[in-house]
Amino acid sequence: MSDAGSSPTFRDPAGSLRLEGDSAIRTIHPAAREAVLDFVTSAFSVRLQLHGDMIGTSVEDAGSRLVHPLVDVPSYPWEWTPSQWLAAAELTLRLGREAIEEGWILKDATPLNILFVGARPVLVDVLSFERREPRTPIWLAYGQYVRTFLLPLLMNKMQGWPLSLSLLRRDGFEPGELFAAMSWRQRLSPQAFWPITLPAWLERRKGADAPKPARQMEPDAATHVLKRTLESLRKRTQRAVSKISRSEWSEYQTTLTHYTAEQSAAKQAWVQEVLDARQPRRVLDVGANTGEYSALAAQIGAEVVALERDGAAADRLFRMSRERGLNVLTLNADLARPTPAAGWENAEQSALLTRLEEKFEMVMMLAVIHHLILMEQIPLTKIMALCARLTKKHLIVEWVPVSDPMYQSLMRGRDELYGALTEADLLHAAAEYFHTVRQQTLGNGRILFLMELLPGKG
C-alpha cells in the first residue's frame, strides 16, 4: 500500500482507506461488506496473497475493516521503466485470467492498482474483484486497460512520448487525441489501427447508431471469449513495448575509460567491505546506473531502492534485478528534479522525497555529486543537507576530482566557478551533518568516503 504521505482513498464506492503506523486500513461501507468479504475470504484471494501477487489482507471488526501491510517506498507509473510497465500489465492480465477461471472478474485495470515490492509487481487494490456474470463475454475494464496500459506504451514506442506523462493522465489517453498526433502511415499501421484509428473513427460516428445491449452467451462460450480477449491484450501489450534502448549511461559500465580493471575492482571491493561490516537493512543507491552496486547491497540481504534518471540504464537495472531475484526497487527518477506530489489537492500520491526521507540505514552516492554540482548547479552544502535527511546512519560518497576526465567534460569551460573544488570542500560541507569514518583513494584519484550521521542531524 501507499506511504503515509498520501491521502486516504476517496474514489472507491466500496470503501475508504487510511494509513496508520505500519498498516493501511480499509473501512468497508456496509452496502459492500458482504461482496467484499466474499472475495477476501475466498480460496482464490488467499492463493494470490500466498503467492505474493496481491497485498496481504486480514479481516477485522466482523468484516468492517481490512488491514494491509504498508509498502515502505511506493512507486508510481510515472517513475517506472517500460519493462516495469510490462510487468505490471502482465500481472494484471494474468490475475484477470485466473479470476475468470475462479468465477471472478477484475472490474478495474489500471497501473495505479499496482505497486512494486523490490522487482516484483503486486496488486494492492483488493476491491478490484467482483463476482462474474457467467453468461457475459464482455470485460468492462477493457477500455480502462487500453487507455491506461496499452496506449501509453504504444505512444512511447511510436512517438517517443515519455511514460512519465501518466502523471498528468489518471485515466490514460483517449484514442481520438492520439489519432490527431499521428501520421497517416502510423494511423494505418497494424499496431495503431485497432486501438487508436478504429476507435477514433467510431467516436466520430457516435450517436448515429443506438447502443446495443450486451449480448449473452452460454457460460463456457463466454468464458472462452473473455480469455481470448485477455490473451489478445497480452500479446498487443508485449508488442507495444519499445525495444531495449541504449544510451551513454546504459553502456557506462562497459565503456569505462577513466577506470582500469584494477581500479574498478578496488572500488567494488571497498564498497563490499563497507556493506559487509555495516549490514544496512535498507539502502538507497542514488545514480544507480545499471545496478552493479545495488546488486552488492541486495546480496547481503538489504532492501534496496535504486534511483536512476537515465531511462535506458534504469530499464536494464530493473530487468537485471528481476532476472536475478534481487530485492531492488527501480525508480526512474531524478534526485535533482524529484517527482512532485500528485492528484487531488496534491495528496493522492506523495512526492518522491517524502517517500525517501529517513527510510535508509545507508545511502550510496557513487560518482554522483559532481553531476549535481556541474549539471544542476547544486551547492555542496545543499547536497549534504539532503543526504542527512535521506539516511538514518551512513553515507557512502565517491568524490571525483577536478582533474578527472568526467569532471572536465561536464565542467564545460566553467573553470572559474568549479575548477578549484577539492575534497576539502566536500568534507567542510559535510562536517555539519556527518563525521568521516574511513576513506580510500583509488588509483585514478577518485576518493571513497564512508560517513556517519551526527546525532540529532537527521
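For this chain, numbers begin at 1 and follow the sequence in order. Worth knowing before you read on, the calculation uses all heavy atoms, side chains too, and leaves out hydrogens, waters and symmetry mates.
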Can you measure from [atom1] ([X]) to [atom2] ([Y]) and round to the nearest 0.5 angstrom?
| X | Y | atom1 | atom2 | value |
| --- | --- | --- | --- | --- |
| Asp108 | Asn113 | CG | CG | 5.5 Å |
| Asp315 | Arg319 | CG | CZ | 5.0 Å |
| Thr354 | Lys359 | OG1 | NZ | 9.0 Å |
| Ser189 | Met158 | OG | CE | 3.5 Å |
| Thr260 | Leu442 | OG1 | CG | 9.0 Å |
| Leu331 | Asp285 | CG | CG | 11.0 Å |

Within the side chain of [X], is there an N or O that forms a donor-acceptor pair under 3.5 Å with the backbone of [Y]?
| X | Y | value |
| --- | --- | --- |
| Gln49 | Met54 | no |
| Ser45 | Ser42 | no |
| Gln349 | Tyr76 | no |
| Thr197 | Arg187 | yes |
| Thr391 | Cys387 | no |
| Trp139 | Leu106 | yes |
| Asn332 | Ala314 | no |
| Ser166 | Thr148 | no |
| Gln191 | Arg239 | yes |
| Ser232 | Arg228 | no |

Can you list the residues that meet the side-chain hydrogen bond (donor to acceptor under 3.5 Å, both in side chains) rule with Thr57, with sequence neighbours excluded?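 Per chain and number, Thr57 pairs via side-chain hydrogen bond (donor to acceptor under 3.5 Å, both in side chains) with His68.
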
Restricting to salt bridge (charged side-chain N to carboxylate O under 4.0 Å, His left out), what partner residues turn up for [X], sequence neighbours left out?
| X | value |
| --- | --- |
| Lys107 | none |
| Glu398 | Lys267, Arg446 |
| Glu177 | Arg169 |

Side chain to side chain contact (heavy atoms under 4.5 Å, CB included) between Arg132 and Ile100: does it pass, once the steps are laid out? CA-CA 7 Å; Arg132 179 169 74 87; Ile100 289 167; 3.9 Å; yes

Taking NZ, NE, NH1 and NH2 as the nitrogens, is one of them in [X] or [Y] under 4.0 Å from a carboxylate oxygen of the other?
| X | Y | answer |
| --- | --- | --- |
| Arg47 | Glu101 | no |
| Lys392 | Glu358 | no |
| Arg355 | Glu79 | yes |
| Arg389 | Glu357 | yes |
| Arg97 | Glu231 | no |

Taking the side chain as every heavy atom from C-beta outward, state whether [X] and [Y] have any pair of such atoms under 4.5 Å apart.
| X | Y | answer |
| --- | --- | --- |
| Leu95 | Asp53 | yes |
| Val225 | Ile138 | no |
| Asn289 | Leu317 | no |
| Tyr293 | Leu275 | no |
| Leu395 | Met365 | yes |
| Glu133 | Ile105 | no |
| Arg26 | Val126 | yes |
| Leu329 | Val305 | yes |

Could I get the full list of side chain to side chain contact (heavy atoms under 4.5 Å, CB included) partners for Ala99, not counting sequence neighbours?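 Testing Ala99 for side chain to side chain contact (heavy atoms under 4.5 Å, CB included), a comparison that skips the adjacent residues, returns Phe44, Trp104, Phe129.
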
Any residue meeting side chain to side chain contact (heavy atoms under 4.5 Å, CB included) with Gln377, in chain and number order, not counting sequence neighbours: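 If we apply the side chain to side chain contact (heavy atoms under 4.5 Å, CB included) test to Gln377, skipping adjacent residues, the hits are Arg414, Tyr418.
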
Does atom CG of Asp276 have more than 12 heavy-atom neighbours, drawn from other residues, nucleotides or ligands, at distances under 6.0 Å? yes

More than 12 non-hydrogen atoms from neighbouring residues, nucleotides or ligands closer than 6.0 Å to CD on Glu262, yes or no? no

Please verify the inter-ring angle class for Trp184 with Phe179; under 30° counts as parallel, over 60° as perpendicular, anything in between as tilted. perpendicular

Verdict with reasoning, Glu376 to Asp334, per side chain to side chain contact (heavy atoms under 4.5 Å, CB included): CA-CA 11 Å; Glu376 300 290 344; Asp334 188 347; 4.1 Å; yes

Can you name the nearest heavy-atom pair linking [X] to [Y], along with the distance?
| X | Y | result |
| --- | --- | --- |
| Ala181 | Gln159 | O-NE2, 2.6 Å |
| Trp80 | Ile114 | CZ2-O, 3.6 Å |
| Pro82 | Val241 | CB-CG1, 4.0 Å |
| Ser242 | Asn156 | OG-OD1, 3.1 Å |
| Phe360 | Val283 | CD2-C, 3.5 Å |
| Ala240 | Leu150 | CB-CD1, 3.8 Å |

Run Leu178 and Trp161 through side chain to side chain contact (heavy atoms under 4.5 Å, CB included) and show every step you take. CA-CA 11 Å; Leu178 304 187; Trp161 288 16; 3.4 Å; yes

Between Trp201 and Phe193, is the ring centre distance below 6.0 Å?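 Yes.
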
Are Arg170 and Thr110 close enough that a side-chain donor and a side-chain acceptor fall under 3.5 Å?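 Absent: no donor and acceptor within the cut-off.
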
Glu90-Gln238 side chain donor-acceptor pair, cut-off 3.5 Å: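 Note: Glu90 and Gln238 side chains meet the donor-acceptor criterion.
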
Check the pair Val304, Met362 against side chain to side chain contact (heavy atoms under 4.5 Å, CB included), reporting the backbone distance first and the verdict last. CA-CA 10 Å; Val304 182; Met362 181 172 287; over 6 Å; no

